[in-house]
Amino acid sequence: MRGSGPRGAGRRRPPGGGGDPSSTPASLAGCYSAPRRAPLWTCLLLCAALRTLLASPSNEVNLLDSRTVMGDLGWIAFPKNGWEEIGEVDENYAPIHTYQVCKVMEQNQNNWLLTSWISNEGASRIFIELKFTLRDCNSLPGGLGTCKETFNMYYFESDDENGRNIKENQYIKIDTIAADESFTELDLGDRVMKLNTEVRDVGPLSKKGFYLAFQDVGACIALVSVRVYYKKCPSVVRHLAVFPDTITGADSSQLLEVSGSCVNHSVTDEPPKMHCSAEGEWLVPIGKCMCKAGYEEKNGTCQAPSPVTNVKKGKIAKNSISLSWQEPDRPNGIILEYEIKYFEKDQETSYTIIKSKETTITAEGLKPASVYVFQIRARTAAGYGVFSRRFEFETIPVFAASSDQSQIPIIAVSVTVGVILLAVVIGFLLSGRRCGYSKAKQDPEEEKMHFHNGHIKLPGVRTYIDPHTYEDPNQAVHEFAKEIEASCITIERVIGAGEFGEVCSGRLKLPGKRELPVAIKTLKVGYTEKQRRDFLGEASIMGQFDHPNIIHLEGVVTKSKPVMIVTEYMENGSLDTFLKKNDGQFTVIQLVGMLRGIAAGMKYLSDMGYVHRDLAARNILINSNLVCKVSDFGLSRVLEDDPEAAYTTRGGKIPIRWTAPEAIAFRKFTSASDVWSYGIVMWEVVSYGERPYWEMTNQDVIKAVEEGYRLPSPMDCPAALYQLMLDCWQKDRNSRPKFDEIVSMLDKLIRNPSSLKTLVNASSRVSTLLAEHGPLGSGAYRSVGEWLEAIKMGRYTEIFMENGYSSMDAVAQVTLE
Ligand code: ACK
């Protein structure tokens, strides 16, 4: 059976290819003409095509590829004169396993070809890719009566190789395989080989392996290759989390939730997750890891500035110690400042921290003749490195000369200085504000914080600080936003108009960091001081947040003009416009992924104690990975800049359609009113950017909502999502779900996509209208159309008519059920 030698470069005409096709069955296809020797030209044509196709995509794992098996495939044909293997080898003397059968002239063919046992390697859904050629029956004179143009593929599951001798009827049919392209005698003459590729999948598999079988019932086929594979989501590092190779689920619509593990030196509160789709793609990333303090993110890993090593003492007096040191050997970025921690030896629970941009400090207010322990660490943009080892230095006794012999101690002066220092420290502690987080500036270059047994909160405790609490708003900006030099920013184009000036896209290149695409909000010239304050107020708020679903502030430009706010760039812009542009283009899971992201961002904001007040799809930005981020954090949350905001009778400006009734009526803005708005955002997303309450006037919306009317379900909306919307729109704000509950609920839906298959149907959409607007039987309206128009639901007229509710009497008979 084995080959006729390596294929040479020369081409010959197919033996028998141009002859009488009906002479022998085997000669019909030309390439099948020699029962024991496949013609050279066949292989030249086929193999050239095959070789280019050999590389499989990285998310496919081959269980069998007949093209790469070097030895005998071990396949069995019965009857023996049915399928036969063409003995051929390629230019590397590797066998090419091609099976052919061509019994087109004989009645009742039933030729089986069985593969050897194939382990599924734990996959529960496998794919079979067949490459074959098939002869066109119409091109066979006299063969038409018996010739077939299809063959059948079967499988049989078994845990081991013992299942081979089963009966034909125990095989389960996968499919009947037909050719997209069959070939004729003419093609043979032109040496055109029409290779078909068909892929079928099988699952769920429950045993360790399976056999495949190919049944021919009278076609002229050459089975050129069989590739069996499963799909996996290949291991990736996303947001500093490693997600392992994951075999896809058994169901074609199943998403597997996979937890990532943080790369070395990174941490997270909640382990990041992704979802592995049946197609082997990673979808809906949730959460992220962050480099530990002192470590910097580089190419998906974390490295830190190396510790400060060379600490030297300078002037030592009875109450002070001066130190100097050198920059760490490996700063791994630009060193922004040093943190110096010191405490009296054996009194570690009461320590002081000094921050300095210089490589020298003087620790003051120390006790005479006492040993102090010092540790220093450097901070880059990525955070702090680890502390240096401990360095111990001792202050001099009260009556001793200072270490540099230049100071004569005078008791009175020392006492006075001590008293003043004490007063300063007490004053400093008493003036502490903002959740106990106390921070006093010594001079612009050096800050000092005191900690005692944890009584003063560490800066890691995150609560939103209203920039209004700062007497000087500039101080708030610089507390929370990094100052960027204008020369680091390249403005590329204007992408929109904001309340305070143009919004541009551009690039930010900070020294030692890679260039980033950014969005730049500018403050137009001729601004008033209030406008500048309000404009920068957004940065003071945004700068306090750090969450993957909150727009990230890169920094501000305040030292030159124009004043700018620089944020991460979101390629797809605002969510409402993006959805309108891509109407109907996303899967439900993708939409839920967007909603999940928004809910996670809102959970973070509500945990921080921040109430957004203007949550709407227009204030959500979406990037190229379809990650949604909450944006628009105006300082004056009276929404001056929102075109949707309208003045209420009480004078406040409120985006009526998005706002909870209690917030409209008596300005009760809480996270619960944000939840109401979130329900409206859900509705906007599922209806691809439709305007809530369409063209109803604001007054009508207020009235309708007050009377209990709620937006009907968008078209094709999963019932579970609509129920969640209705929950968000509960009149009693305490009955609305909290953002953490919304996130968990959406996570559940993502984990179990079949729960999204039940849609709200047209009749229940209509029943919502009826429940809320039932002037039925009142005779107030002459037609269904008029009634629907009156309640701004004219768009449903057609549905009513289609379902036979053409008169008000008929409508009056409709029950909720
Ligand atoms: O819908 P858009 O393209 O997205 O138009 C508006 C415009 O600027 C005015 O706000 C766009 N925009 C705002 N911030 C960003 C950002 N961070 N990334 C990309 N586009 C942004 C917004």
Side-chain angles (χ1 to χ4, degrees), residues 233-246 255-276 281-305 332-333 377 379-387 457-464 480 513 516 542-554 567-568 570 592-610 623 625-630 738-751:
C233 293
S235 170
V236 282
V237 177
R238 192 78 58 87
H239 301 316
L240 291 180
V242 184
F243 293 88
D245 265 356
T246 304
L255 289 185
L256 298 181
E257 185 182 288
V258 181
S259 294
S261 35
C262 291
V263 300
N264 282 347
H265 309 300
S266 72
V267 282
T268 182
D269 296 337
E270 189 196 345
K273 286 182 276 183
M274 275 217 281
H275 295 84
C276 175
E281 295 159 325
W282 289 107
L283 299 175
V284 201
I286 295 170
K288 66 173 182 180
C289 300
M290 279 174 291
C291 290
K292 280 185 192 158
Y295 290 85
E296 173 176 348
E297 183 177 344
K298 251 186 202 160
N299 306 327
T301 58
C302 295
Q303 305 157 301
N332 289 334
R377 61 181 180 172
R379 181 168 77 84
T380 63
Y384 286 104
V386 280
F387 270 116
K457 268 193 179 177
L458 290 163
V461 178
R462 309 297 306 276
T463 318
Y464 163 70
F480 301 117
K513 299 208 104 189
L516 292 178
M542 219 191 297
Q544 297 182 45
F545 303 141
D546 178 18
H547 187 273
N549 298 102
I550 304 289
I551 195 80
H552 173 74
L553 177 72
E554 292 295 342
T567 66
E568 68 181 302
M570 301 290 286
V592 178
M594 294 174 199
L595 292 173
R596 199 274 177 198
I598 302 165
M602 289 307 299
K603 172 188 171 327
Y604 174 84
L605 293 182
S606 67
D607 287 349
M608 292 271 291
Y610 181 80
N623 71 14
N625 292 323
L626 301 188
V627 175
C628 287
K629 307 202 181 196
V630 181
K738 309 283 177 291
F739 278 115
D740 59 340
E741 292 164 338
I742 297 177
V743 172
S744 317
M745 205 171 300
L746 294 175
D747 278 346
K748 254 194 215 157
L749 296 178
I750 290 170
R751 272 199 299 271

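Note: hydrogens, waters and symmetry copies are ignored here, and every other heavy atom, side chains too, is used.
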A.B. asks: Can you measure from CE (Met570) to CG (Asn625) and round to the nearest 0.5 angstrom?
C.D. replies: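 The CE atom of Met570 sits 9.5 Å away from the CG atom of Asn625.
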A.B. asks: Has Lys273 got a side-chain atom pairing as donor or acceptor with Gly260's backbone, closer than 3.5 angstrom?
C.D. replies: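 No; judged by distance alone, with no hydrogens or angles, the pair does not exist.
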A.B. asks: Measure the OH-OG1 distance between Tyr610 and Thr463 for me, rounded to the nearest 0.5 Å.
C.D. replies: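 The OG1 atom of Thr463 is 15.0 Å from OH of Tyr610, to the nearest 0.5 Å.
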A.B. asks: Using modelled atom types and a 3.5 Å cut-off, is there a donor and acceptor pairing between side-chain atoms of Ser744 and backbone atoms of Ile742?
C.D. replies: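 It does not hold such a pair.
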A.B. asks: Atom OG of Ser606 and atom CG of Asp740: how far apart are they, to the nearest 0.5 Å?
C.D. replies: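 Interatomic distance, Ser606 OG to Asp740 CG, rounded to 0.5 Å: 7.5 Å.
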A.B. asks: Should Ile286 and His275 count as side-chain neighbours, where that means a heavy-atom distance under 4.5 Å?
C.D. replies: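 They are in side-chain contact.
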A.B. asks: Under the salt bridge (charged side-chain N to carboxylate O under 4.0 Å, His left out) rule, collect the residues that match up with Asp245, sequence neighbours excluded.
C.D. replies: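 Only Lys232 meet the salt bridge (charged side-chain N to carboxylate O under 4.0 Å, His left out) criterion with Asp245.
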A.B. asks: Kindly compute the distance separating CG (Leu255) from CD (Glu281), expressed to the nearest 0.5 Å.
C.D. replies: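 Between Leu255 CG and Glu281 CD, I get 10.0 Å after rounding to 0.5 Å.
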A.B. asks: Could you tell me which residues satisfy salt bridge (charged side-chain N to carboxylate O under 4.0 Å, His left out) with Glu741, sequence neighbours excluded, listed by chain and number?
C.D. replies: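 With sequence neighbours excluded, Glu741 shows a salt bridge (charged side-chain N to carboxylate O under 4.0 Å, His left out) to no residue whatsoever.
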A.B. asks: Do you know the tightest heavy-atom contact between Gly287 and His239?
C.D. replies: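 Closest approach of Gly287 to His239, heavy atoms only: O-CD2, 3.9 Å.
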A.B. asks: Using the side-chain contact (heavy atoms from CB on, under 4.5 Å) criterion, which residues pair with His265? Sequence neighbours excluded.
C.D. replies: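 Tyr295, Cys302.
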A.B. asks: Looking only at atom types and distance, does a side-chain atom of Asn549 sit under 3.5 Å from a main-chain N or O of Val627, one as donor and one as acceptor?
C.D. replies: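 Not confirmed, Asn549 side chain does not pair with Val627 backbone.
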A.B. asks: Holding to salt bridge (charged side-chain N to carboxylate O under 4.0 Å, His left out), I want the full list of residues that pass it with Arg238, two or more places apart in sequence or in another chain.
C.D. replies: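 Partners of Arg238 by the salt bridge (charged side-chain N to carboxylate O under 4.0 Å, His left out) criterion come out as none, since no residue qualifies.
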A.B. asks: Identify the two heavy atoms, one from Asp546 and one from Met290, that lie closest to each other, and give their separation to 0.1 Å.
C.D. replies: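 Closest pair (atom of Asp546, atom of Met290, distance): OD2-SD, 3.5 Å.
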A.B. asks: How far apart are the closest heavy atoms of Met594 and Cys628, and which atoms are they?
C.D. replies: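 The answer is CB-SG, 3.6 Å.
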A.B. asks: If the condition is ring-ring contact (aromatic ring centres under 6.0 Å, His included), which residues does His547 pass it with, not counting sequence neighbours?
C.D. replies: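 With sequence neighbours excluded, His547 shows a ring-ring contact (aromatic ring centres under 6.0 Å, His included) to Tyr604, given in chain and number order.
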A.B. asks: Can you see which heavy atom on His552 is nearest to which on Glu568, and at what distance?
C.D. replies: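 Scanning both residues completely, I find the closest heavy atoms to be N-OE2, 2.8 Å.
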A.B. asks: For Lys629 and Ile551, which heavy atoms make the closest approach, and how far apart are they?
C.D. replies: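 Lys629 and Ile551 have their closest heavy atoms at CB-N, 3.8 Å.
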A.B. asks: Between the side chain of Glu554 and the main-chain N/O of Thr567, is any donor-acceptor distance below 3.5 Å?
C.D. replies: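 The answer is no, because no donor-acceptor pair under 3.5 Å joins these two groups.
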A.B. asks: Is there a side-chain contact between Arg596 and Ile750 (heavy atoms, below 4.5 Å)?
C.D. replies: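 SC-SC contact between Arg596 and Ile750 confirmed.
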A.B. asks: Measuring only between side-chain heavy atoms, which start at C-beta, is Thr246 closer than 4.5 Å to Trp282?
C.D. replies: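 With C-beta onward as the side chain, the pair touches.
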A.B. asks: To the nearest 0.5 Å, what is the distance between CG (Asp747) and CZ (Arg751)?
C.D. replies: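 Rounded to the nearest 0.5 Å, the CG-CZ separation comes to 5.5 Å.
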A.B. asks: Could you tell me whether the side chain of Ser235 and the main chain of Phe243 form a donor-acceptor pair under 3.5 Å?
C.D. replies: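 Yes, Ser235 side chain to Phe243 backbone: donor-acceptor pair under 3.5 Å.
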A.B. asks: If the condition is side-chain contact (heavy atoms from CB on, under 4.5 Å), which residues does Asn264 pass it with, not counting sequence neighbours?
C.D. replies: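 Asn264 satisfies side-chain contact (heavy atoms from CB on, under 4.5 Å) with no residue once adjacent residues are dropped.
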A.B. asks: Any heavy-atom pair between the side chains of Cys289 and Pro272 that's under 4.5 Å?
C.D. replies: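 Yes. Closest side-chain heavy atoms under 4.5 Å.
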A.B. asks: Does Lys738 NZ have over 12 foreign heavy atoms under 6.0 Å away?
C.D. replies: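 Buried by this count: over 12 neighbours within 6.0 Å.
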A.B. asks: How close do Ala599 and Leu746 get, heavy atom to heavy atom, and via which atoms?
C.D. replies: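 Minimum heavy-atom separation between Ala599 and Leu746: CB-CD1, 4.2 Å.
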A.B. asks: Could you tell me whether Asp607 and Lys603 make a salt bridge, using a distance below 4.0 angstrom between a side-chain N and a carboxylate O?
C.D. replies: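 Looking at Asp607 and Lys603, the cut-off is met.
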A.B. asks: Taking the side chain as every heavy atom from C-beta outward, state whether Cys262 and Thr268 have any atom pair closer than 4.5 Å.
C.D. replies: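 Yes, at least one pair of side-chain atoms sits under 4.5 Å.
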A.B. asks: Nearest 0.5 Å, please: how far is CG in Leu553 from CZ in Phe480?
C.D. replies: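 Answer rounded to 0.5 Å: 11.5 Å.
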A.B. asks: Walk me through whether Met274 and Val236 qualify under side chain to side chain contact (heavy atoms under 4.5 Å, CB included).
C.D. replies: CA-CA 10 Å; Met274 275 217 281; Val236 282; 3.7 Å; yes
